[in-house]
Amino acid sequence: MAAGVNRKISAASARAHTRRAKQNASFKLPSGICTNILLVLFAGILAWAYQAIQPPIPKTCGSPDGPPVTASRIKLKDGRYLAYKEHGVPRDAAKYKIVYVHGFDSCRHDAVVANTLLPEIVEALGVYIVSFDRPGYGESDPNPKRTVQSLPLDIEELADQLGLGSKFYVIGFSMGGQVIWSCLKYIPHRLAGAALLAPVVNYWWPGFPTNLVTEAYQQQLPQDQWAVRVSHYAPWLTYWWNTQKWFPSSSVVAHSTDILNSEDKKLLPEIVSTRNYTAVVRQQGEYESLHRDMMIGFGTWEFSPMDLDNPFPNNEGSVHMWHGDEDKIVPVILQRYIAQQLPWIHYHELPGAGHMFPHAPGMSDNIVKVLVGE
């Protein structure tokens, strides 16, 4: 019987054999699957980001899922509805007819000048005031195509449909005050006079000295600096920025009292106690009201207020700007500069006053009497 062959295996050969066995036993991903996983993950992130920046569809008043229509409204040429509210003496008997433009996060009910004007002054002067919901607010239809020019044209249509005559006065507060600059640009021939009350300033208007804008900009809370910066440079991110929870968003949207001065805080209890319509302001959604306001107000304008010509060269009317020197929302230094560049502006600076000064007792009486020249 033949003897078996006795083969010797070296240690190195044994280790190599073991490694090959382990390698053969390990799991191998099919070729290209890692790339596919990364692509799917990236597509998922993009889809999530796209959904995050998309605002919800507004709930238009009168639509099946929208709020009911309770206000008086006119139908504009483009088919949108504009809600309004009348104050003062009957319009047919009025000597002075005024269109009031409300501010940010407000509505037609926030007509502070109409609401605080003394009844005896209303009757003695014959004052009629109409306030309206700016597009997307209250019961006025949103205007996704809104521009700096479109709102003055809405005001002109409102005046025509209500029969206010060939000329009328305009008063705007805060963001509504900013709208008055557009009225002076696009419908000056329809104005008998204008008043801007603490008008919001766009830091990107041409004509401001860089050092002055920087100084004013840095007076804002950091979160508000970011909010207006996003509205200007990346308007498509405005909705996401003001609704995300990672970073502080606009303090104005959040109704923070940190942006009010001492005089504003004294006025706040009275303002809050009479504001029983808060839910109406944003009822159609925040995007076409608050966020659209920011995108237009701090976007790129077609003109600068500092380039405007005097709409009343023969003193047949006047333009007045009122501002508190302790306004923490709109820095006074920029208003002073605008007033210097436009010598035809009658500038009224109020010592110690903040942004909410129109609510102070007697303030509306002074504003209206000065505006109409009584």
Do D141 and R73 sit within salt-bridge range, that is, some charged N less than 4.0 Å from a carboxylate O? yes

Salt bridge present between D309 and K185 (N-O < 4.0 angstrom): no

Who are the side chain to side chain contact (heavy atoms under 4.5 Å, CB included) partners of P222, not counting sequence neighbours? none

Non-neighbouring partners of T147 that pass side chain to side chain contact (heavy atoms under 4.5 Å, CB included), sequence neighbours left out: Q149, S150

hydrophobic_cluster_shared for V230 and Y203, side chain cutoff 4.5 Å: no

Run the side-chain donor-acceptor check on residues 265-272: report pairs under 3.5 Å with partners two or more places apart or on a different chain.
| from | atom 1 | to | atom 2 | distance (Å) |
| --- | --- | --- | --- | --- |
| K266 | NZ | E263 | OE2 | 3.2 |

Could you work out, with ring pair (Phe, Tyr, Trp, His ring centres under 6.0 Å) as the rule, every residue matching Y287, not counting sequence neighbours? none

Side-chain donor-acceptor pairs under 3.5 Å in residues 58-70, sequence neighbours left out?
| from | atom 1 | to | atom 2 | distance (Å) |
| --- | --- | --- | --- | --- |
| S63 | OG | T60 | O | 2.6 |
| S63 | OG | G66 | N | 3.2 |
| T70 | OG1 | E139 | OE2 | 2.4 |

Does atom OH of Y81 have more than 12 heavy-atom neighbours, drawn from other residues, nucleotides or ligands, at distances under 6.0 Å? no

Mind listing the side-chain donor-acceptor pairs of residues 346-356 below 3.5 Å, one per line with the distance, residues two or more places apart or on another chain?
| from | atom 1 | to | atom 2 | distance (Å) |
| --- | --- | --- | --- | --- |
| Y347 | OH | E349 | OE1 | 2.7 |
| H348 | NE2 | H320 | ND1 | 2.9 |
| E349 | OE1 | R336 | NE | 2.9 |
| E349 | OE2 | R336 | NE | 3.4 |
| E349 | OE2 | R336 | NH2 | 2.8 |
| H355 | ND1 | D327 | OD1 | 3.3 |
| H355 | ND1 | D327 | OD2 | 2.7 |
| H355 | NE2 | S174 | OG | 2.8 |

Parallel under 30°, tilted from 30 to 60°, perpendicular over 60°: which one fits the rings of W204 and H232? parallel

Close aromatic pair by centroid cut-off 6.0 Å: F357 and H323: no

